[in-house]
Amino acid sequence: MTTSNIPVPSDDSGGYDPAAIESKWRERWSARGTNTTDIEGGERPFYALMMFPYPSAEGLHVGNLFAFTGNDIYGRFHRLQGHTVFQPLGYDAFGIHSENYALKVGVHPMQMIPRNIANFRRQLERAGLMVDWSRSLDTTAPEYYRWTQWVFLQLYKQGLAYKKKGAVNWCPSDKTVLANEQVIAGACERCGTLVEQRFLEQWFFRISDFARRLLDNLDALDWSDTTKTAQRNWIGQSEGARVAFRREAGDGSAATGEAIAVFTTRPDTIFGATYMVLAPEHPMVDDLTTDDSRAAVAAYRDASSRQDVVARKTNKVKTGVFTGSFAINPATNQPIPVWIADYVLMEYGTGAIMAVPGHDERDYEFAQVFGLPIVRVVAGPDDSATTPLDGAFTDDAAGRLVNSGTFDDLPVALAKQAITTWLAEREAAEPVTNYRLHDWCISRQRYWGPPIPIIYCDSCGPQPVPEADLPVILPDIPDFRPDDSGVSPLARHAEWYHVACPNCGKQGRRETDVSDTFLDSGWYFLRYPSVGHDTEPFDAEITRKWLPVDSYIGGNEHAVLHLLYARFITMVLHDMGYLHFEEPFTRFRAHGLIIRDGAKMSKSKGNVVNPDAFIEQWGADSFRTYLMFLGPYEEGGDFRDAGISGVRRFLERLWLASALATEAGAPDPAVMRKLHQTIAKVTHDIPRLSYNTAIAAMMEYMNVLRKGERTPHRDEVEPMVQLVAPFAPHIGEELWERFGHHVSVFDSGWPAFDADLARDETVQLAVQVNGKLRGTLSVARDITQEAALALALAEPGIAKHVTGAMRKVIFVPGRLLNLVV
RNA sequence: GCGUGGGUGGCGAAAUGGUAGACGCGGGGGACUUAAAAUCCCCUUCGGGCAACCGAAUGCGGGUUCGAGUCCCGCCCCGCGCACCA
């Protein structure tokens, strides 16, 4: 029993019992359909999307709840502002995570995933999220992946899906394809064997065709700059030139026939290109290799193919071999040797480079190892043409050309253009924009994913599965373990694998690869509002009303790939006329990470927060509010178990104040002033996701409210219930009901801010002398400089610091007075 | 290496160029209680002082400004991402 200076109500309506009111409101919301969105009729639609979770067997992670709660507050706030808010949540349940876990514990994913989802659903419901569960989805359900396959077929139709050989990680001991995350420091995570590259025929999407658009559209999006920058870097645009190096004919002159194309961002350094390097996999290598070099080249290519695709270490010593052939430098007309080396990547540019050891660090290292000539063609401010190089000189901003014929003395920036133009006139170069972005490999030689809807026919070639035949059901096979064939386990199931060719009817074979999980998540936001429409992936009218997504919140780990893929899919569907927008997420914010007691949470450390236990002990409302209070939402925070008690105390005080609130008398103007200042602060902070400061402001208000031995007035408390509701929805509903309302607090509107009520009549004016604080004055808000100055000088504590004549007075009305002496 | 976000009390953190440390945890003291828990009140950046007060302080060194945690230049350290991208 409380013995506070606030008297206990005589008709004690009971203390705050989170367990009781939370289960009450869970049932109410479900029975009343409070969280079900009126998709067709709702006005001012607002689509508040959060990244869907992978339903792990361990259950909901506190990081998931942190993310979802932040989104929930944002969505509930918009609902209170009068929007019809749609806040769906589903499960990203296909993929390597589930499959690996299933393999480890020996439970089939088709049994495991539904169990996990049921557990997630239970935990999510306890968290009090305003999720419309009638429109959930599960990427592993045939009614969902039917349309994932449909998306693949649309790209195929557009010529944006194609097959080519691509590198995969191969463990020679386990004889299986490994995902990149299963390769640790170049070795198989299971057995430790060094991983090799293998080249398999795989499906790719031509996302690189969209590089320019994906880059340019970023400017107009309301995304955080860090996310935009991450995308820009990933797309990796660079301006440069494609330069053709003709092969040397044997007599020092250029041969006719196919030239070697290189991409360079430094055409200005071409006079310093003293050799060339091709990637070991470059298609011209065979042709360029002379008989004398054939054995060495073959050995080198073999060795480099054995390297894993993931971890090519930066600081290793450069290796390579001479092909025996020469090419002609189009600037100097001199023959230069053609080498192969694995520091040149086939995937970037043309797979071949002109090597300028004087001005590129990698080329310099290589030239040092193999004794190749190093020529200076750019001089810094203190260098001459003959200043020796003791490393690559790469400071191009300060450089001028030397040893470059008629281009000597030109600054680097001008020389880039001049030399490109000069070479172009001689048909040896053209300016090009190159992108780092590669095409998206969507093939997975795995079981747990949507089968790629293609049928191979010996007569007709690859044929798309007709849309009417979708979905291509993933069969329930007991042995889903990958084997040493290098193809998906699906290939072992003849009854599934053999199928009639949709074109000629003869026996064909199904594609046995499944698609990347990123394809599942590349379009799911289009599906949510149309869940239940079984004849189409998304309904045109609903999509026009609800999309693009108004607000998207998710983890930084998806800031690059997932968002890029989703943008790409959206762009393609837009171009095909299915969508009226080409950018799916109008606004995106990444939330931070939760750590615990200063360390990352991990099972091995045993410091993983179990949300169930905390909700059990403290209630979901306290747990949610604490998660939002422990740090800035976009940065994350440090979970300390003891910290939650402060938030719980805050909610207890609100409960008590509501129970005591009276309608007798009038509200206190000073309290009302603070209330309206709090309304302003919370209204300002929520859209900025500054939840921690919004909560702090509400706590501050509660501290003001309970000062003095007075019974709070209803008008002082009731709006607080609305402010708190997005954070602590159950107590929000309960107190709102106890104030006599019969509709949900979330349909009650947001408390109105009254600037007149909020205005302070007196302010604390800081008085500085030479910028040092020497006192404060309690003065009228609109005091003049003269009056403030007089008051300040009348204070002995201030006046004593004014030792000489005042040279200057700085006055910031209502804030500060600075006397400069 | 490149990119990116940070560095503020014992701890989590606040601060449109204008009173650094709001709010909360923890700690100390007190009230209530037979007692404890809960609750309430006061104190809590550091140094000096009985105190009024004085001085120092936002990773380090400079600069701009009447005034800098905030802006500029040069460093150091930590987290995250990418990693030979020509």
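Side chains included, hydrogens not; waters and symmetry mates left out as well; all remaining heavy atoms used. Naming: A, B, ... by sequence-line order, numbering from 1 per chain. Because the structure is predicted, anything quoted here is derived from the model rather than measured.
- Minimum atom distance to the side chain of A:Asn818 is reached by B:G67, of the listed B:G67, B:G24, B:A20.
- Taking OG1 from A:Thr693 and NE2 from A:His684, the interatomic distance works out to 9.0 Å, rounded to the nearest 0.5 Å.
- As rounded to the nearest Å, B:U44 and B:A38 have C1' atoms that lie 23 Å from one another.
- Contact annotation for A:Arg807: no contact, since no heavy-atom pair falls under 4.0 Å across all strands.
- When both pairing distances are held under 3.5 Å, B:U64 makes no Watson-Crick or G-U pair with any nucleotide shown.
- As judged by a 4.0 angstrom heavy-atom cut-off over every strand, A:Arg648 is placed among residues making no nucleic acid contact.
- Base contact: A:Arg436 has a heavy atom under 4.0 Å from a base atom.
- Between the P atom of B:A22 and the CG atom of A:Leu630 lies a distance of 18 Å, rounded to the nearest Å.
- When both pairing distances are held under 3.5 Å, B:A22 makes no Watson-Crick or G-U pair with any nucleotide shown.
- In this structure, B:C2 and B:G81 make a Watson-Crick or G-U wobble pair, each of the two defining distances being under 3.5 angstrom.
- Pairing for B:C53 is with B:G48, a Watson-Crick or G-U wobble pair whose two hydrogen-bonding atom distances lie under 3.5 Å.
- Within 4.0 Å of A:Ala230, counting heavy atoms only, lies no atom of the nucleic acid at all.
- Between the C1' atoms of B:G55 and B:U4, the separation comes to 39 Å (whole Å).
- Base contact: A:Gln768 has a heavy atom under 4.0 Å from a base atom.
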